[in-house]
Structure formats: C-alpha cells, structure tokens
Amino acid sequence: MKRRNCIIIAKKELQGLFSEKTILLAILLQLFIAMFSSFLLVGLASMYNPDSISQYSTIKYPVGVTGNTTSPLTGQLASSDNFVIYEMELGTALAALKERKLSAVIWIPGIEEYSADPITITLYVIQNDIQSSIVNVKLKDALLDYEDRLRKIRQSRLEFKPVELILPETNPSSDFYEFVYGLLIPLLVFMPAIISGALIIDLITEEYQQDTLETLMSTPVTFPEMIWGKTAACLGLVPVQSAGWLLLLMANGIAISGFVPIILHVTAGSMVIILIGALIALKYRERTNAQFIFSTALVVVILASLAVPLNPANLIVRLSVDSIGPVHWLVLAMVMGVCVILSYLMTGYAKRVEGKVI
C-alpha cells in the first residue's frame, strides 16, 4: 500500500468537505460553544441552579408588599440592598406585576408573630421568566431570615428540642466547575470523533451510490489505499478541532491541564470509532443502513466504555484537572492496541472487497 496514494485521496476528501454544509454547520456550532463558553455557562447553569446567577445581579428589584405592611418582614425587605418596596393594595399590585412594573408581589397576613396561628405568606411572580428566578433566590434569603425570627419567637411552644444540623459550607462556583469539567470539555472534545465516525460512512457509501467506485479503481489507487485515504481525512479533523476547542476554552479563562495527553486520547479514541464506521460502511455499502448500524454500535460501545472506571470521559475530566497519574498512558497503549487490531481487520476486509469491485 503506497502512502502517497493515501495522501492524495485524503487531500481530495478534505477539499470536498468544505462543500458539505452539514459538517460545516456542526463545526460552526462547536466553535460558537467554545468561543462563548463563559457566556453560555451562566445561562446553562441557571437552568438547574438559579442560585448560581443571583450573585451576578446587582440591581434593586421593585417589590409590592400588600396585607399587613407593618410586619417586620416589610422592614426587613426595605432594609435589603436588593429590593425597592412599594406598599399598595393587592389588586393594584397584581395589575402592576402583569404590566412588569413590579418584579414580585408579597401578601402578608395580619397575624401577630406571637399568635398560635401559622403565618402563611403568599408570593406572586411572573412565570417562565429569568428575572423571576433571580428575584425568587433573593427573596428566599429574606423569607428564610424571617422564618428564623418566627422560630425564635415561638420556640417556647416546642415540646422537644430539635436536632441541630451542621452542614458544610458550599462553594458557589462548584456548579460551574462540575459543568465545565464534567460536561462541557468531554462533550466538545469527543464531538469531532462522533462526527468523523459518521463522516467516514458517508465518504465510503457515496462511492457505491454515485457509481464512482469503478472510475476511481481505474486509477493507480487501490481499494485499501482509497479507504485509508478517506480514514486519514476523517481522523485528521479530530485533533485540529479538539485542539481548537480547548484553546478557545482556555482563552475564555478556563484552566485546562494535560493539553497534549487529552489530544492523544481523543485521537486514539476517534481512530477506534472511525475504523468501526469504515468496517460497517464496507459491509453494508448503503448509507441509511450503515448509519443506523453505526449509531446502534456506537451506543453499545459508549455504554460498555462507561462501565469501566477509567473510561474516556473520566480520563478527559481527570486530565483536565490534573488529578490522574501516569496510568492514563497504559490506557492509551491499550486503545492503540485496539486501533492496530481494527486497522488490520479493515485492511484485510478492504482487500477482500477489492476483488469483488474489480
């Protein structure tokens, strides 16, 4: 097998990829995520933990207080740096809330703090609104403080001593830490591998479906050389994209250790996925069937790999935070061994198919 012929095929396929809109859109989407990762972190983190974004809001929100406006809760809200309090009737306040002149409305019942009756406070906010999420978080702190005040006033009525819970202090930045290193980085670096695996199927099956295979075989290029040229084109995209995503994340202020080992692991893992895709394409030769089988096989491979403690995602996370020793080189050697076996199988199968094509 001549290396020069493989390089010629790889260059031809890489030039053709620039006309594939689907591939370009996928790359542009990843580029957008990597470039604006800092901005996306705030938005995505707010979806599962609104507390994480409340610290970024420094404005005062207008809040309407109705009912018992002489309650200590009213004074507590008025003294807060987060709210501007307006005492008004409930109907007027709700009308102002609908017109977004207020961020929230609180109704306080006229029950004395020393009364035996429970004090139920009603909070009105706008549904499905980002600002309401922030206001909820800030009001929660004020309401919890008022709850503590009521507990102290009414503690004489307790018939037993409550168990005191001492919880460790939480770090507000931990949510971003888990999201960046546990999800964003593995997702970005492995996405090119999955795309290249699907791409090799398209590159091989299109030769069958467009009846260009016999024309290509009339050149000095052999069938295994053609397959390896397409494989090299798909594999060459992975380290370039992964390195680009990591550099853009680092430019956004995200510290990433183990830059070179991450690229090596992602490239080796991508080689396995691409070779599996190439074998499936050679077997089925029709794009739809091959893509379906590849997708199913990919799910099985991913689930099987996740069952191993040192799975690819775990390796990337630990390499990113520099919490893994030299054991990852052993894992890399094992993956490279799998690549050698699959390469041997693909070359042998391509030679068998070559006889049928010619």
Side-chain angles (χ1 to χ4, degrees), residues 1 5-31 187 190-219 221-242 266-267 269-305 338-339 341-358:
M1 190 163 55
N5 290 339
C6 295
I7 295 175
I8 292 174
I9 296 296
K11 287 182 178 178
K12 167 185 170 295
E13 298 297 342
L14 288 174
Q15 292 173 354
L17 288 178
F18 290 101
S19 60
E20 291 287 342
K21 295 181 180 178
T22 304
I23 300 299
L24 290 179
L25 286 175
I27 293 175
L28 289 175
L29 177 61
Q30 296 172 72
L31 178 64
L187 181 65
F190 279 116
M191 190 61 72
I194 297 174
I195 292 176
S196 294
L199 181 62
I200 187 66
I201 293 177
D202 289 349
L203 295 182
I204 293 176
T205 55
E206 71 178 3
E207 300 289 355
Y208 288 101
Q209 295 184 346
Q210 296 181 5
D211 296 327
T212 56
L213 190 56
E214 293 181 356
T215 304
L216 191 59
M217 290 297 95
S218 63
T219 65
V221 179
T222 64
F223 190 75
E225 290 172 350
M226 183 198 71
I227 299 299
W228 271 110
K230 294 177 181 295
T231 302
C234 296
L235 184 62
L237 294 173
V238 175
V240 175
Q241 290 185 66
S242 299
V266 171
T267 305
S270 304
M271 186 71 176
V272 173
I273 294 175
I274 293 171
L275 290 174
I276 291 175
L279 283 169
I280 293 174
L282 289 173
K283 172 66 177 178
Y284 291 94
R285 307 179 186 180
E286 199 275 327
R287 181 180 180 277
T288 304
N289 292 335
Q291 289 287 7
F292 174 76
I293 298 298
F294 171 74
S295 302
T296 306
L298 186 62
V299 171
V300 174
V301 170
I302 291 175
L303 291 178
S305 63
V338 175
C339 290
I341 296 173
L342 289 174
S343 300
Y344 177 78
L345 292 176
M346 192 192 72
T347 304
Y349 194 70
K351 288 180 180 178
R352 287 177 54 190
V353 174
E354 183 180 24
K356 298 178 182 178
V357 172
I358 296 176

Cys234 and its side chain to side chain contact (heavy atoms under 4.5 Å, CB included) partner, picked from Ile273, Asp202, Ile195, Ile200: Ile200
Which atoms form the tightest heavy-atom contact between Val238 and Ser270, and what is the distance? CG1-OG, 3.1 Å
Would you give the length of the straight line joining atom CZ of Phe223 to atom OH of Tyr349, rounded to the nearest 0.5 angstrom? 9.5 Å
How many angstroms lie between CE in Met191 and CG in Leu187, if you round to the nearest 0.5 Å? 4.5 Å
Of all the heavy-atom pairs spanning Cys339 and Val272, show the shortest one and how long it is. SG-CG2, 3.5 Å
Given Ile201, Leu199, Thr205, the one that forms side chain to side chain contact (heavy atoms under 4.5 Å, CB included) with Leu203: Leu199
Ser305 (side chain) donor-acceptor with Ile302 (main chain) under 3.5 angstrom: yes
Taking every non-hydrogen atom, the tightest pair across Ile227 and Ala350: CG1-CB, 4.4 Å
Side-chain heavy-atom pair Trp228, Met346 within 4.5 angstrom cut-off: yes
At their closest point, which heavy atom of Ile280 faces which heavy atom of Ala297, and how far apart are they? CD1-CB, 4.2 Å
Contact summary for Gly197 and Ile274, nearest pair of heavy atoms: N-CG1, 4.1 Å
Can you check whether Leu235 reaches Ser196 side chain to side chain, under 4.5 Å on heavy atoms? no
Distance col, row Leu298:CG vs Ile293:CD1, nearest 0.5 angstrom, shows 12.5 Å
Using 0.5 Å steps for rounding, measure from the CD atom of Gln291 to the CD atom of Glu286. 10.0 Å
CG/Leu275 to OH/Tyr344 distance, rounded to the nearest 0.5 angstrom? 15.0 Å
Above 12 or not: heavy atoms from other molecules or residues under 6.0 Å from CZ of Phe190? yes
What's the spacing between Phe294 CZ and Ile194 CD1 if we round to 0.5 Å? 8.0 Å
